[in-house]
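Source: prediction; values computed, not measured. Throughout, residue positions are numbered sequentially from 1 according to the sequence presented.
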Amino acid sequence: MIEKILAYILACCDKEDFDKTSVALISENLKISRSQVSVVLNKLVKENKLIRIESKPFCFISVEYLKEKGIPFKNSLYASIDDLLSNQEKKDFEKLVGMNHSLAQTVKQCKATISYPPNGLPMLLYGPTGTGKSLIAKLTYEWARNQGVISKNGQFVQVNCSEYANNPELLTANLFGHVKGAFTGAEKDNEGLIALADNGVLFLDEVHELKAECQEKLFLFMDQGIYHRVGDNEKWYKSNVRIVFATTENPDKVLLKTLMRRIPMTITIPSLEQRGTQERIELLYDIFSQEEKRLNCQIKMSSKVYNALLQSKMPGNIGQLKSSVQSCCINSLFDKVNDELEIHLDSLPKDLLQQVYANQKTVLDDDEYIYVDDLQGYYNTLEILQLNDSLLACYQKYKEEHTSLSDFMTKEKNYVQKYFDNLIFRKKESSQVDYYNRGVQHIFNLIESRYGLKITNNETLAIASYLDEIHHEYHDLRSWFLKHEEECDDLYQLLQEEFFRATNVSLEICTYLKSYLEMDMYSIIICTFIFYVYNVQKDSRLYQKAAVVLSHGFSTASSIADAANRFLGQYIFDALDMPLYIDTATMIEKLNWYLDRIGKVKELYLLVDMGSLEDIYKGLHIENANIGIINNVSTPIALEIGNGIRNNVEMESILQKTIDAFRVNFAYHIEKHQQKQPVILCSCASGLGTAKKLKSILEQSFPDGINLDVKTLNYSELIELGKKNNVFEEFDVLCVLGALDPNMEDIPFVGIEDLIIEDTFGDFNQYFKDYMNEEQLFLFDKNILHNFSLSNIMNALTILNPTKLLEQVANAIDVLQNYVGVHFSNRTCFGLYVHICCLIERLVVSRNAEYDPSLDFLHEHKDFVDYVKKAFKQVEDFYGVDIPTEEMIHIYNYVKNN
């Protein structure tokens, strides 16, 4: 296996297909489990046979390839291919987990402040204990030095002010320096830390511990860059040092206002909880990787440990997470086996263990093991890109498997809802999210009355957080979109055609957002909003219908539609406003523009104020839809019709009821064009499960290219509502298939047993003569028989493969029919299929079973026995059995009674 993996990676490197050497692709292409691949790769890196590239997703480069190409390398890990090829390593902020995500703004602010002309500006890092303030200060210094902002010789000098909390004079002397004799114990001159940090960075950690007088002594130096040493008030000293402060306390409460005025940039560092799941996983990977190097072994943890480290509250943030990981390693150290350290639940520190047992779900997790290297795959892809990938994968599956549109929309909406729920759960707080939150609230206030779309505070926050993700990951999102643009546009086209209302709402939202955010709204973003606003329960029927108000005047139609939608609490009506003297041709042109956008509908309601009804519907570009038109539109009329649409009342009943209710001079016209999709309805008294099995058998039996669909319906619902069920309104039901006749007028019933009886199967076929030719009907007949036989046989066989066996037996029976010169009926074939398949399994299981041969039968029907032997020779040879004479008598009786 090792050689196989090495050869695969070398081949990829030779072709420069470096992106094909990730754990996932190696596993997929070589058919080796990911955990095995991960173990081998980690071992090969330690043996200096591979180089690991830590750009996402991780990939591996063959050392043999590098030597062949003469590419120098010093380390086993590199940040990217470019770094390897240019022999560079991670530097400054590249080492910071989250530099392009939760800490992107932090990094940007640190860079800008330290490099602000001419000599940088002071900055204050504010955040809870353990959030990485010291690391960020050090990386800021490294970045400034690497960029030439400060001298290469400039030092990073760190002072923890809490160490001097009870001795501020000593801190002053250490910071500013002192002369000999300045105080007791000052036996020689001391330049001080400010002088030591000249042309570098002075980091004052826990600055809230500085006494007021000590803060005051910093003022002059911060203002002019000059200071006195302790004991020498005559001589001025200079130091070109950049100062970084850090505190865990609210700076406005613990620092002098005069000091705060001299610090123009306060940078808030987020807590571990605010940084999200993906970054927490990446932090876990980084910390565990360091322990692997230190212990020179591979580490794996149980899924319970992984979930505990991922989900437990950490008041000490990253510092506590690191401490917890090290505690786990210490507690498991002497259980190490073969250079592999295995961490179990009891290795956790006590405080985390208590949280685990308080969380029953974590305790019940499957006890699988996760290798440290596996973690890299968990955070490789940004969450927003994972969502996009899921949406496209679901769309691809929908196209390939031809699942129902409703199921497809439900799945897509669930993906989006889960993602938005995670955003709410994380509750990321920042000024940027607050800004987006206000904008989202304003936008939804604008569209709420028009579309009846209400949104909670949590949903507003989720959308704001989504926009923040788009903002932070815009570069990666743009790259992803350009790669998948065609698929995204196809998905958007489908949604635009099938779900006009949700698309209309989402387009309006995105138009406002584009203006508000000044960023492109890619089609995948619009699709995400379509899935978000789409309501499966309320709108599944409404999306098959459209209603539009057409009225003369500046905003008459819009006012009626808005009022009706608002009162109904649902988006039902669209509006087309027209000038007072518009002609009919222009009205039809505008209406056709609307219909082109609205896509496929089955019913179109037109509410007009005046004009010839006949002239309006003539010339409309709409097919396969019924058009209902009513004149003298008003808000009460729109409400009446909208309520009927919402309650799924038949079109003619809605319009007639409206006329009767208002008793004025109305007129309506219905133009029927709708052609319903033909379907077979499966409904069984034994339950919906049986109906679904019937549906599956029928669908498998249809020849290719047949425009027929199969639906299922609960039998009790069929009996209760009859033809009032939606399925009869939406589809042309050719017949009902089941075990018990529901006795429906004008709807034929076919019993299950009829499908295998030749005399009645022809009656069943007559329902499909308009959809199949004779050859297809014959094939359908044969497939039905085969699939129902298979369904029975599968319940009887326990050892043999029923599909394979039935295929062999069916072929043998076809041969037997040719030998005897008789065409077997469906009933005969069905009986023989089931009987012989079960016989073969009995013979295989009990090869030594004895039968008493019937000599009389052998003598009287010698030709028939020969025919059976010839027809079933391949079956007997394949399974190593002989069909006994006694069983041939049963076969003969089936044929005799055909």
Enumerate the side-chain hydrogen bond (donor to acceptor under 3.5 Å, both in side chains) contacts for residues 241-260, please, sequence neighbours excluded, ordered by first and then second residue.
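Every pair satisfying side-chain hydrogen bond (donor to acceptor under 3.5 Å, both in side chains) with a residue in residues 241-260: H208-T247.
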
Quick one: which residue pairs count as a side-chain hydrogen bond (donor to acceptor under 3.5 Å, both in side chains) with a foot in residues 108-125, not counting sequence neighbours?
none

Name the atoms and distances for all side-chain donor-acceptor pairs under 3.5 Å in residues 152-163, with sequence neighbours left out.
residue : atom : partner : partner atom : Å
N160    : OD1  : S162    : N            : 3.1
N160    : OD1  : S162    : OG           : 2.5

Salt bridge (Lys or Arg N to Asp or Glu O under 4.0 Å) involving [X] - partner list, sequence neighbours excluded:
| X | answer |
| --- | --- |
| R478 | none |
| D489 | none |
| R294 | E291 |

My understanding is that only residues two or more places apart in sequence, or in another chain, count here; which of them pass side-chain contact (heavy atoms from CB on, under 4.5 Å) with I287?
L321, K322, V325

With sequence neighbours excluded, tell me which residues meet side-chain contact (heavy atoms from CB on, under 4.5 Å) with T460.
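Per chain and number, T460 pairs via side-chain contact (heavy atoms from CB on, under 4.5 Å) with N437, V440, Q441, I455.
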
Just say parallel, tilted or perpendicular for the rings of F93 and W143, cut-offs at 30° and 60°.
tilted

For a 4.5 angstrom cut-off between non-hydrogen side-chain atoms, does K235 reach H228?
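Sidechains of H228 and K235: no contact.
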
Salt bridge (Lys or Arg N to Asp or Glu O under 4.0 Å): pairs with one or both residues in [range], sequence neighbours excluded:
| range | answer |
| --- | --- |
| residues 258-268 | D223-R262 |
| residues 117-145 | K95-E142 |
| residues 195-209 | none |

Please list all pairs passing the ring pair (Phe, Tyr, Trp, His ring centres under 6.0 Å) test where one or both residues lie in residues 157-177, with sequence neighbours left out.
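Pairs touching residues 157-177 that pass the test: F176-Y227.
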
Count the heavy atoms belonging to other residues, nucleotides or ligands that lie under 6.0 Å from CD of E213, then report whether that count exceeds 12.
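More than 12 within 6.0 Å, yes.
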
Around atom CD of E191, are there more than 12 heavy atoms of other residues, nucleotides or ligands at under 6.0 Å?
no

